[in-house]
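First listed ligand is number 1; within each ligand, the first listed atom is number 1. Starting from 1, each residue takes its place in the sequence as its number.
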Amino acid sequence: MNQNDVITISVIAGDGIGPEVVSEGLKVLEAGMGNAKLNIVPVDLGADRWLRTGEVLPDAELQQLAQSDAILLGAVGAAPGSKQIPSGLLERNLLLKLRFTFDQYINLRPSKLYPGAKTPLADWVVAQGPIDFVVIREGTEGLYCGNGGAVRVDTPQEIANEVSVNTAYGVERVVADAFSRALTRGGKVTLVHKHNVLVNAGGLWNRIFQRYSQQHPEVETDYLHIDAATIAMVQNPQRFDVIVTDNLFGDIITDLAGAITGGIGLAASANINAAGVFPSMFEPVHGSAPDIAGLGIADPTATILSTALMLQHLGYTEAAARIEAAVDADISERGDTKRTTSEIGDAIASRL
Ligand code: IPM
Ligand code: MN
């Protein structure tokens with residue numbers, strides 16, 4: 001893309017702290033874009049929309065999202081005091097529906113312990129060296145497909161199934177992405193799975209991983225079962241560069257990864273359709289945090305870093321690096337000062 005392009009970004013600010021963090025994300029994006037122009041299109045979706053109209057993802061909104069260059073999402077989830085939203089409704093019919101419909105198969109979640117960020121890790125662990133890895137979580141398959149059912153519900157004989165879907169096509173494209181990302185980073189990929197128990201799915205993942213490993217001797221490879229990976233993440237996270245894993249293992253391990261690298265307020269993510277056929281979606285890993293919504297105290301850093309991932313994906317590599325550097329500088333100086341959401345946004349934007 002050229003610096004004179006107009007980039008159309010659909011913005012689902014969503015619920016709770018979503019609108020607060022998104023407005024800081026957009027502030028920083030505007031400041032960091034250089035000459036490129038943003039065409040921001042707000043898209044009203046989430047719990048509030050459902051409570052008002054009973055609609056989760058109408059066709060008109062889906063069309064708008066499909067036409068954009070990228071999607072920025074704040075957070076979706078019920079507001080305080082609102083009537084109960086059925087568990088899974090927004091997750092399945094909005095968030096996951098978007099990831100699936102737009103075939104966002106690379107769920108990219110970087111984890112970097114910025115100097116100055118707080119970590120619950122022991123000093124001896126931090127002293128081992130910089131912590132800087134990315135998790136590539138498969139985004140369209142696994143246990144997230146909704147491939148299941150239940151019979152005799154609510155009886156003592158109830159049977160409930162959730163079947164994990166793993167296709168050679170789906171696994172290969174994330175493994176390929178992991179190997180090519182490793183070449184632009186530290187040159188190492190770790191497969192995380194549980195192939196000693198999940199012999200069918202794990203076998204498929206492992207065989208494809210081994211094939212890529214043989215084809216790419218320049219990339220160092222490693223394997224950990226998911227349980228052992230949680231130990232490594234708190235005792236020796238420096239061993240990771242690129243982690244590739246399935247949808248549910250990736251969900252779990254990226255919460256842990258966020259927790260050890262400054263907390264959920266800093267954790268950014270990208271849902272990428274690497275084939276470029278559909279728009280990709282960028283969102284903080286955190287949720288709508290209704291308990292602190294409206295107080296102006298949410299940390300917008302995760303959303304700001306997600307905008308950097310967006311620029312990176314759209315090919316604005318330098319602008320993305322500038323935003324990341326501004327965040328890095330802000331984190332290293334923030335100490336224990338309490339700042340409002342917009343003060344953090346202003347401080348980061350003013351460095352651009
Ligand atoms: C995440 C979230 C989602 C997921 C939920 C809200 C469906 O936990 O983005 O990590 O499980 O993917
Ligand atoms: Mn999660």
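Under 4.0 Å from any atom of ligand 1, one finds heavy atoms of residues E91, L95, R99, R109, R137, Y144, D251.
Closest of all the heavy-atom pairs between V43 and S10 is CG2-CB, 3.9 Å.
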R181 and D241: salt bridge (Lys or Arg N to Asp or Glu O under 4.0 Å), yes or no, with the steps?
CA-CA 10 Å; R181 264 175 225 278; D241 176 27; over 6 Å; no
Any chance you could lay out the salt bridge (Lys or Arg N to Asp or Glu O under 4.0 Å) test for D132 and R185, step after step, and finish with the verdict?
CA-CA 10 Å; D132 183 357; R185 297 180 39 97; 3.5 Å; yes
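Within 6.0 Å of CD on E91 lie more than 12 heavy atoms contributed by other residues, nucleotides or ligands. Around atom NZ of K188, more than 12 heavy atoms belonging to other residues, nucleotides or ligands sit under 6.0 Å away. Residue D227 qualifies as enclosed at atom CG: its count of foreign heavy atoms under 6.0 Å is above 12.
Considering only residues two or more places apart in sequence or on other chains, R211 meets the salt bridge (Lys or Arg N to Asp or Glu O under 4.0 Å) condition with E172.
With no hydrogens or angles considered, a side-chain donor-acceptor pair links Y144 and D251 at under 3.5 Å.
Of all protein atoms, those of element N, O or S that lie under 2.8 Å from the Mn ion (ligand 2) number 1.
Pairs engaging residues 163-208 under the ring-ring contact (aromatic ring centres under 6.0 Å, His included) rule: F179-F209, F179-Y212, F179-H216, H193-W205, H193-F249, H195-Y223, H195-H225 [sequence neighbours left out].
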